[in-house]
Number of protein chains: 2
Amino acid sequence: MEIPYKIYLEENELPESWYNVRADMKKKPAPLLNPATHEPVTLDELSHVFCRELAEQELNDQDAYISIPQEIRDFYKMYRPAPLVRAYCLEKKLGTPAHIYYKFEGNNTSGSHKLNSAIAQAYYAKKQGLKGVTTETGAGQWGTALSMACSYFDLDCQVYMVKVSYEQKPFRREVMRTYGANVTPSPSMLTEVGRKINEEFPGTNGSLGCAISEAVEAATSQEGYRYVLGSVLSQVLLHQSVIGLETKAALDKYGVKADVIIGCAGGGSNLGGLISPFAGEILRGEANYDIIAVEPKSCPSLTRGQYVYDFCDTGKVCPLAKMYTLGSGFMPSPIHAGGLRYHGMSSVVSELYDQGIIRATSVSQTEIFKAAEEFARVEGILPAPESSHAIKVAMDEALKCKETGEAKNIVFGLTGTGYFDMYAYGAFNDGKMVDYVPTDEEIAKALADTPKM
Amino acid sequence: MEIPYKIYLEENELPESWYNVRADMKKKPAPLLNPATHEPVTLDELSHVFCRELAEQELNDQDAYISIPQEIRDFYKMYRPAPLVRAYCLEKKLGTPAHIYYKFEGNNTSGSHKLNSAIAQAYYAKKQGLKGVTTETGAGQWGTALSMACSYFDLDCQVYMVKVSYEQKPFRREVMRTYGANVTPSPSMLTEVGRKINEEFPGTNGSLGCAISEAVEAATSQEGYRYVLGSVLSQVLLHQSVIGLETKAALDKYGVKADVIIGCAGGGSNLGGLISPFAGEILRGEANYDIIAVEPKSCPSLTRGQYVYDFCDTGKVCPLAKMYTLGSGFMPSPIHAGGLRYHGMSSVVSELYDQGIIRATSVSQTEIFKAAEEFARVEGILPAPESSHAIKVAMDEALKCKETGEAKNIVFGLTGTGYFDMYAYGAFNDGKMVDYVPTDEEIAKALADTPKM
């Protein structure tokens, strides 16, 4: 059967359930711990921060499938199933025998896959009768997605945006405002933790860790509010499994077996979502795949971090998570792939990595923009810097196939578009982009602050 | 048959030919005239400015179908067939019995329908063995589309960008540069006509008319270059007919007969492309539709202009066209819908309007941003200001149905996304947007300068 440029599943092929990879893991990800007692957090404790049903999903490592409510499926239909694209033009340009596919999540106004979880979280908040939600955002993709979701369900949306992104990406702010959200640069003076961080690190660029602390404080100090998060959490990976399920369904429809699966990894939401069903097959002994997580050299939690319990936020108010981490005080340079600046990695992804189910690599900023430009010129889509990490490694793998003559099926996640990253592209076009790699000392210093267990 | 949220045609349902509505017009659009002799331009004359095959298409008012070359169809497959979306959420929000559909052309990096003609024009330039092409761009959508198309066929791309857009939309410039184009603000000091306009109107914001003159001069004064244009021309409407053909095929597939068809109108490329096959049915006496062209109150060529021969550019170097015009010296206020600032209207659209096949209306800037915000919040897509003209009128028509109880099928063209228009959305969000309507005197003054025939 000839494979089209774009494989679109029908709306009735949209997954009816999310897939929870934890259910198929013999060794489960380590539980979240109460930061005061170091005991596993309870559902009641978590429900002070998250909506009840999301807290349940967070703790659920037993059920492999969790039904997607009809209201969420209806919203999904506005932009899903997302296309799985056969990169014919890129293959031709590279002269590779490999077959390259990418799952494109950028065809919605949030410009990324983040909307998949945003709408789920807004739905459960509405169902619980809340007034609104608070969150943090880095590059602004998550904040945009959440503002769209909240607007759809008529919820108040308060976004703490990492200061460097707030300044570098003013247009994202306007998108969020157009959808009715309130956006505050973080660290701000609105919260206790924000004031403290501003005092300790005057002029700081901010970090996702800071912004999380602020958003959590804002949620727990206002009646009728809960906190929502766009990555890292197991509930988010659960929602994002829709990416992997659709990808697998599209490949199956054309009888294609993936060999290599590649995703960029910041907090792990895209990667975890994309690979979940494939990792599940590996875990159940049904198939084998070469799964690669790609992270920036400037924020290399998997490749250079430690697998320990750590704080999820700079303010140390959240539960402790066991994860690959650079230390909650790690302050990445203001790299342009703002969505990949988090100091830690999803517990699920961390555990899969520790078990050897997936491997990881890191790439530098200038490399990824070079790959992004090459991709844009042949495939027509101007990619987000985050997504370009996966593009770079997919191109490398395809070039390896050119050497070996192997016709591997390479699948990668194209998480979003770069339309709000034109400052970064401008810096690249002007030859002014610099690479930053933290020293061993910098990482060791930040790691020294992990909690003593 | 239940209609999905998004109707995607298969790749093998992509039209194999463009449809040339002029072939079905008993009274043809008036011919282009040589500005010196006032005689119809010949193929040879036109071929100094345009590629030979495009010049042939420009003059061809006899052949109803012109085959789409395979290379162009292959490129189309990267982003076409474009979805026809059933606006279920908007219908629900408005409480209307009407069924609303929109043909969404924004799912490509140029962010609009412009790519449909850009790739065709680049293809013919390459086929003719040219080094490159020159063009003008207003909002930057056309320039972005052309830079993508030229990058694909490895052609040099020189873009003269209306100065106000160059300044208001710096990010568009970076997209074009990422695709390898040279972008110059117009009027520039690089061309004779640019220097003259700068001298006559110091500090001018520029206009499409100026930029066209500059691009034409640049094309005709360089060896191996031709000029290409993103709207107004009959060849462009021909290429854009792919929009209407897909729309009709998608509606036919579900047995839906359109009642009202709405498109925004600047130079006429989107409107002409969308409505062509429907107008053809009216012209052949096979069906009836209520077709509405929507233009901005600030640049109302159809609703307040005159149907006369006029200059297509400020520099008066191009052939004369008979069209609804505000006069080639008309300088629209720096409205945010930069793509709708042209002083004239496509000859084909003008003639269809004059024959009563379509009607026209105009809307103000603040109205359209209000509609845009409402649309974005329920349908999830942040629309381009240009497209929002059609949204506004589609919503008005749907609300009329609410009053009358009619379940009309309303179809409109959603030409693109507003991701590069966030300054404008910001002005709207801040309540700082103003409406501008030219006085009768202003229009009369500009019209006084049309050529005496």
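Every chain is numbered from 1, with letters handed out A, B, ... down the list of sequences. Quick caveat, the model's predicted, so the values are computed rather than measured.
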Part of D74(B) within contact of chain A (heavy atom distance under 4.5 Å): both

Could you tell me whether the side chain of Y5(A) reaches within less than 4.5 Å of the side chain of Y79(B), counting heavy atoms only? no

Any side-chain heavy-atom pair of K77(B) and P4(A) under 4.5 Å: no

Over all heavy atoms of both residues, which pair between M78(A) and K6(B) is shortest? Give the atoms and the distance, please. O-CD, 3.7 Å

Contact class of Y8(A) relative to chain B, heavy atoms under 4.5 angstrom: side chain

Is there a side-chain contact between T109(A) and T417(B), using heavy atoms and a 4.5 Å cut-off? no

Interatomic spacing from CZ in R177(A) to CD in E373(B) - rounded to 0.5 Å: 10.5 Å

Distance col, row I381(A):CD1 vs N107(B):CG, nearest 0.5 angstrom, shows 9.0 Å

Between Y179(B) and L382(A), is the side chain to side chain contact (heavy atoms under 4.5 Å, CB included) condition met? List the steps. CA-CA 9 Å; Y179(B) 283 95; L382(A) 188 89; 4.2 Å; yes

Looking only at heavy atoms, which of residues 145-157 of chain B get nearer than 4.5 Å to chain A? M148(B), S151(B), Y152(B)

Using a cut-off of under 4.5 Å for heavy-atom pairs, which of R377(A), R173(A), E379(A) has the most such pairs with chain B? R377(A)

Select all residues of residues 419-429 of chain B having any heavy atom within less than 4.5 Å of some heavy atom of chain A, and report them by number, or 'none'. Y419(B), F420(B), M422(B), Y423(B), Y425(B), G426(B), N429(B)

Sort V378(B) into side chain, backbone, both or neither according to what part of it lies under 4.5 angstrom from a heavy atom of chain A. backbone

Enter the distance from E11(B):CD to I3(A):CD1 here, rounded to the nearest 0.5 Å. 11.0 Å

